[in-house]
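What's counted below: heavy atoms across the whole structure, side chains too, no hydrogens, waters or symmetry copies. Please read all numbers here as calculations on a predicted model, not as lab measurements.
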Amino acid sequence: MQTSKYSTFFLIRKLITIGSSLVARNITSRASLLLILMSSHCAPIVYDLNTTACTGNESGEYSQSSAIKEVMNRLVDKVPGAAIAVWSKEGSWEYAAGFAKVENKTPMMTCNLQYLQSISKTYTSVCILKLAERGIIDLKAPITTYLLPKHSDCIKRAREITVEMILNHTSGIPEYNGAPRYITRLLQDPGHPFVPEDYLTYICGKAPDFEPGSRYSYRNTNYLIAALILDKVTGDHGTFMQKEIFDPLHLQHTYYYKSDGYLDHSTLVNSYWDRYSNGNIENVSVLQRNNVRAMIGDDGIVSTPADAVLFLKGLMEGKLITEESLRQMKHWVNDAKGNPTYGLGLDRTLLDSTESYGHSGGGLGAGCQLYYLPTKDIYYFISINLGTVTESPLHKEVEVALQKIAVIFNEEKIP
């Protein structure tokens, strides 16, 4: 879940307004720490971690590792846990700090599964583009060509909205996760068993927010619709994604909708949220899992940091789509300030003034970034298990950490 492109994991130079107060340095000793798990019976539930299967907080070598580790260790003074994976000309390197599960002080490991949140959009876009390459989907065709009637009938002016428009967020279709009815149900009934089509009902019959194709505005609804198109065309978009992306890249620790075990893997991190924006965190793992479990297209993937990097690297190296399709992904539309900002499931941003491609993601219990710096030939993924869609004074250190890491990457000498 992502409320806007830049309100999730604080993209460098595009940060949301956050509080300035600080919390105690050691997260495990805060007197105000609330170990509340949002569930129907309000009793704490701790998911066991199979430590024999998931061990180690660092692997590989990287010349900038000491500097990044210092940043990460400072970061987890303020957030429960964090993990990073980097690929450079030197090879791959991973590091994890803090806690995957605060309740029993289970340390964060490099093999812990992290929520990719809206980074899932890039995977969804790749699936659409693979079908376009085969002549099965026409990006310029209206979405009504591929949606079931019951879905397209819900979307006002659907015949004027193309597949390309939903991929680059120029459709004008309203945002489902900003609908008061959705937020109310999500927070008041965390155990409600959402199904993907539920989300479409929150925008059913609503007029577009602007003329289709006239401008850019980030909407999760666009990628929900992309997934429904994929289901109609392939029969099961989750199976298609497994076959067309996970298997060819050997992503053995990446899971999505209907995957075996999916969100029940013991290595999946617990999720935390500063509900009142006062520095006190709650365990919202049940809410986070239940919310993500029903999301398709715009969210839903969990992965190790290393697998996330392998995905983006495989994409940029042409292992998934053709050079022409990748060029289309990088055909940027402009934001309100006239800056090139988004392609087809791919975000363009500046990290310490360096152009970068990838995506960010955030939810009630997680935040992450996955980017490629082409001039440095560096790929990285970083995640925290603290919610990023609402403001928190704990995010101040996140902002600082991301800025410092961007500077470290930009200071690296190109071999």
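Salt bridge Lys376/Glu90: absent, no basic N to carboxylate O contact under 4.0 Å. A salt bridge does not link Glu133 with Lys130: every distance from a Lys NZ or Arg NE/NH1/NH2 to an Asp or Glu carboxylate oxygen is 4.0 Å or more. At a threshold of 4.0 Å, the pair Glu175-Arg219 does not count as salt-bridged, since none of the basic side-chain nitrogens sits closer than that to a carboxylate oxygen. With salt bridges taken as basic N to acidic carboxylate O contacts below 4.0 Å, one links Glu211 and Arg157. Salt bridge Arg293/Asp264: present, at least one basic N to carboxylate O contact under 4.0 Å. Between Glu317 and Lys313 a salt bridge is recorded (basic side-chain N to carboxylate O distance below 4.0 Å).
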List the steps, then state whether side-chain hydrogen bond (donor to acceptor under 3.5 Å, both in side chains) holds for Asn283 with Ser285.
CA-CA 6 Å; Asn283 182 327; Ser285 299; 2.7 Å; yes
If you apply the rule side-chain contact (heavy atoms from CB on, under 4.5 Å), what do you find for Leu230 with Asp236, and how did you get there?
CA-CA 7 Å; Leu230 285 168; Asp236 185 331; over 6 Å; no
Check the pair Gln252 / Asp307 against side-chain hydrogen bond (donor to acceptor under 3.5 Å, both in side chains), numbers first and verdict last.
CA-CA 8 Å; Gln252 299 179 355; Asp307 263 19; over 6 Å; no
Tell me, with the steps shown, if Val86 and Glu94 meet side-chain contact (heavy atoms from CB on, under 4.5 Å).
CA-CA 6 Å; Val86 177; Glu94 301 171 71; over 6 Å; no
Carefully, step by step, assess Tyr223 and Tyr218 under the rule ring pair (Phe, Tyr, Trp, His ring centres under 6.0 Å).
CA-CA 10 Å; Tyr223 276 77; Tyr218 188 99; 7.9 Å; no
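Counting only distance, with no hydrogens or angles, the side chain of Thr124 and the backbone of Ser120 share a donor-acceptor pair below 3.5 Å. Of the possible polar contacts, one joining the Asp274 side chain to the Gly279 backbone as a donor-acceptor pair under 3.5 Å is found.
When all heavy atoms are compared, the tightest approach of Ile301 to Phe246 is CD1-CZ, 4.5 Å. Taking all atoms of both residues into account, the shortest heavy-atom contact from Ser266 to Lys101 is O-NZ, 3.0 Å.
Annotation: Tyr199 is in aromatic contact with Tyr176 [ring centroid separation under 6.0 Å]. Not less than 6.0 angstrom separates the ring centroid of Tyr379 from the ring centroid of Phe409. Taking the six-membered ring wherever Trp is involved, the centroid distance between the rings of Tyr371 and His359 does not fall below 6.0 Å. Taking the six-membered ring for Trp and the full ring otherwise, Tyr256 and His237 have centroids separated by under 6.0 Å. Trp87 has its ring centre no less than 6.0 Å from the ring centre of Phe381.
Enclosure of atom NZ in Lys69 by more than 12 non-hydrogen atoms of other residues, nucleotides or ligands within 6.0 angstrom is indicated. With a 6.0 Å radius and a threshold of 12 heavy atoms from other residues, nucleotides or ligands, Lys243 has its NZ atom at or below the threshold. The number of heavy atoms from other shown groups lying within 6.0 Å of NE2 (His192) is above 12.
Taken to the nearest 0.5 Å, the OG atom of Ser392 stands 9.0 Å off from the CG atom of Asn280. Summarising the geometry, atom CZ belonging to Arg348 is positioned 15.0 Å from atom OH belonging to Tyr342; distances are rounded to the nearest 0.5 Å.
Of the N and O atoms on the side chains of Trp273 and Thr390, at least one donor lies less than 3.5 Å from an acceptor on the other residue. Side-chain atoms of Asp352 and Gln403 include no donor-acceptor pair closer than 3.5 Å. Under the 3.5 Å distance criterion, with hydrogens and angles disregarded, a donor-acceptor pair is assigned to the side chains of Tyr380 and Gln369. Checking Asp347 against Thr349 by side-chain atom types alone, no donor-acceptor pair falls below 3.5 Å. A donor and an acceptor atom, one from each side chain of Thr322 and Ser325, are located under 3.5 Å apart. In the model, Glu323 has no side-chain atom that pairs as donor or acceptor with a side-chain atom of Gln328 under 3.5 Å. Under the 3.5 Å distance criterion, with hydrogens and angles disregarded, a donor-acceptor pair is assigned to the side chains of Asn220 and Lys121. In this model, no donor atom of one side chain and acceptor atom of the other lie less than 3.5 Å apart for Gln114 and Asn385. Counted by atom type alone, His151 and Tyr146 present zero donor-acceptor pairs between their side chains at under 3.5 Å. Donor-acceptor pairing under 3.5 Å is recorded for the side chains of Ser171 and Asn222.
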